[in-house]
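Convention: sequence-line order gives letters A, B, ...; per-chain numbering from 1. The shown structure was predicted, so the numbers you read here are calculated from the model rather than taken from an experiment.
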Number of protein chains: 2
Amino acid sequence: MSLYTAASLKAELNDRGWRLTPQRQTILQVFQNLARGKHLSAEELHDLLQGEGEQISLSTIYRTLKLMARMGLLRELELAEGHKHYEINQPYPYHHHHLLCVRCNKTIEFKNDTILKIGSKQAKKDGFHLLDCQLTIHAICPSCQRALLPV
Amino acid sequence: MSLYTAASLKAELNDRGWRLTPQRQTILQVFQNLARGKHLSAEELHDLLQGEGEQISLSTIYRTLKLMARMGLLRELELAEGHKHYEINQPYPYHHHHLLCVRCNKTIEFKNDTILKIGSKQAKKDGFHLLDCQLTIHAICPSCQRALLPV
DNA sequence: TCGTTATTAAATATTATTCGCAATAATACA
DNA sequence: TGTATTATTGCGAATAATATTTAATAACGA
Ligand SMILES: [Mn+2]
Ligand SMILES: [Mn+2]
Ligand SMILES: [Zn+2]
Ligand SMILES: [Zn+2]
């Protein structure tokens, strides 16, 4: 399950002229141990770390999340109005997608192997190097449908 | 092509206790006439309208974009860091997806009928009312691959 | 072990988006 | 067709997520 060890993360970083820091290691650790279906915002990650006694500045958290998303280690998700959420980017058997209620932000994860295949094929066709591939279904959940009208 | 006339937009709005205003009509008009492959941010739409002599406040633009996205008339896309883009939400034959370079934001549109089917099926299965279904492929384009390292 | 330089924490800046409000105008209905 | 109701607008101000600047620190390669 745990794709990156300290050593492999270091290699991945050093390859690009970057450095392995305790902060980066800790943050990746958190995402690797996060329960399935959980997603964290920068703020939430900050709070979680504080709770564990880890003192990592919010700036560093923002920088690290962005860096790791661009490396393909994390997925950057738009699951709520106003801020991003992150989760570990897992390959094939764990790869999944999101069904989202635009009113209450209820999120359901689902798997579908076809989508990743389509995405990989398309990226390859255009010569892009694939980082992530995410289907987001914007919809209205059953309970929000019942609670009619109000936006 | 033009899915909504003034009359049908009015009906759609009034059904929910909302009103048809010249501003809403104008904004939907712009998106319906937008060239294939073009996406607009709130700011860009504002500038475009100004250029045409239409004076619609930025507040109204933000409100309208959000409203229409939640109605399913527009698609809200995350194609760049920091701000959203919008396009008209077209059904089946025009429905498409995006391949995006996370470094330079180069965007390629592509079609795939399977994805919409998967999305519809999943939404139905969970009792959600589908608004939009978008596959976003995060990747690195060929020229950014060549321009190595720099983030 | 040392020098170089990427990274950090903290404070500050930026900027997309929202909100409060008073004025206006779309709609329902008499 | 006129009137009352209230959703919507434009403006300015507020908010909040994220970026940036800086000096101090600490990884890394030699
Ligand atoms: Mn997920
Ligand atoms: Mn598009
Ligand atoms: Zn809901
Ligand atoms: Zn690029």
In residues 71-80 of chain A, which ones come under 4.0 Å of DNA chain C, going by heavy atoms?
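The answer is none.
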
Under the criterion side-chain hydrogen bond (donor to acceptor under 3.5 Å, both in side chains), I'd like the reasoning laid out for A:T60 against A:R63: C-alpha separation, chi angles, the key distance, then a yes or no.
CA-CA 5 Å; A:T60 296; A:R63 276 184 301 234; 3.2 Å; yes

Can B:I88 be reached from B:M68 by stepping across I, L, V, M, F, W or Y side chains whose heavy atoms are under 4.5 Å apart?
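Cluster IDs for B:M68 and B:I88 match.
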
My understanding is that only residues two or more places apart in sequence, or in another chain, count here; which of them pass side chain to side chain donor-acceptor pair (under 3.5 Å) with [X]?
X      : answer
B:S8   : B:T5
B:D126 : B:Q122
A:E76  : A:Y86

List in chain and number order the residues that pass ring-ring contact (aromatic ring centres under 6.0 Å, His included) with A:H129, two or more places apart in sequence or in another chain; answer none if no residue qualifies.
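Applying ring-ring contact (aromatic ring centres under 6.0 Å, His included) to A:H129 gives none.
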
Does A:H98 have any ring-ring contact (aromatic ring centres under 6.0 Å, His included) partners at least two apart in sequence or in another chain, and if so, which?
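ring-ring contact (aromatic ring centres under 6.0 Å, His included) check on A:H98 returns A:H39, A:H96.
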
Test item: A:R103 side-chain N/O and A:Q145 main-chain N/O as donor-acceptor pair under 3.5 Å
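A pair under 3.5 Å: no.
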
Counting N and O atoms only, with roles assigned by atom type, does the side chain of A:N89 sit under 3.5 Å from a partner on the main chain of A:G72, one being a donor and the other an acceptor?
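Yes; at least one donor-acceptor contact below 3.5 Å.
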
Is A:R36 paired with A:E109 through a side-chain N to carboxylate O contact shorter than 4.0 Å?
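Looking at A:E109 and A:R36, the cut-off is met.
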
Could you tell me, to 10°, how much the axis swings from one end of the helix from C:dT1-D:dA30 to C:dA30-D:dT1 to the other, five pairs per end?
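Result, rounded to 10 degrees: 60°.
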
What are the atom names and distances for every N/O pair under 3.5 Å that joins the protein to nucleotides 26-29 of chain C?
{"from": "C:dA26", "atom 1": "O3'", "to": "B:L20", "atom 2": "O", "distance (Å)": "3.4"}
{"from": "C:dA26", "atom 1": "N3", "to": "B:R19", "atom 2": "NH1", "distance (Å)": "3.0"}
{"from": "C:dT27", "atom 1": "OP1", "to": "B:N14", "atom 2": "OD1", "distance (Å)": "3.4"}
{"from": "C:dT27", "atom 1": "OP1", "to": "B:L20", "atom 2": "N", "distance (Å)": "3.0"}

Could you list by number each residue of residues 50-64 of chain A showing a heavy-atom separation from DNA chain D of less than 4.0 Å, or answer none if no residue does?
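Under 4.0 Å from DNA chain D: A:S59, A:Y62, A:R63.
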
Anything under 4.0 Å to a heavy atom of chain A counts; send over the first and last such nucleotide of DNA chain D, read 5' to 3'.
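It runs D:dA17 to D:dC28.
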
Whichever hydrophobic residues join A:L116 through chains of side-chain contacts under 4.5 Å:
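Result for A:L116 is A:L99, A:I108, A:F110, A:I115, A:I118, A:F128, A:L130, A:L135, A:I137, B:L99, B:I108, B:F110, B:I115, B:L116, B:I118, B:F128, B:L130, B:L135, B:I137.
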
Please give the remaining members of the hydrophobic cluster of B:Y62, linking ILVMFWY side chains under 4.5 Å, ordered by chain and number.
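Hydrophobic cluster check, B:Y62: joined to B:L58.
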
Side-chain heavy-atom pair A:L34, A:E87 within 4.5 angstrom cut-off:
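No, too far: nothing below the 4.5 Å cut-off.
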
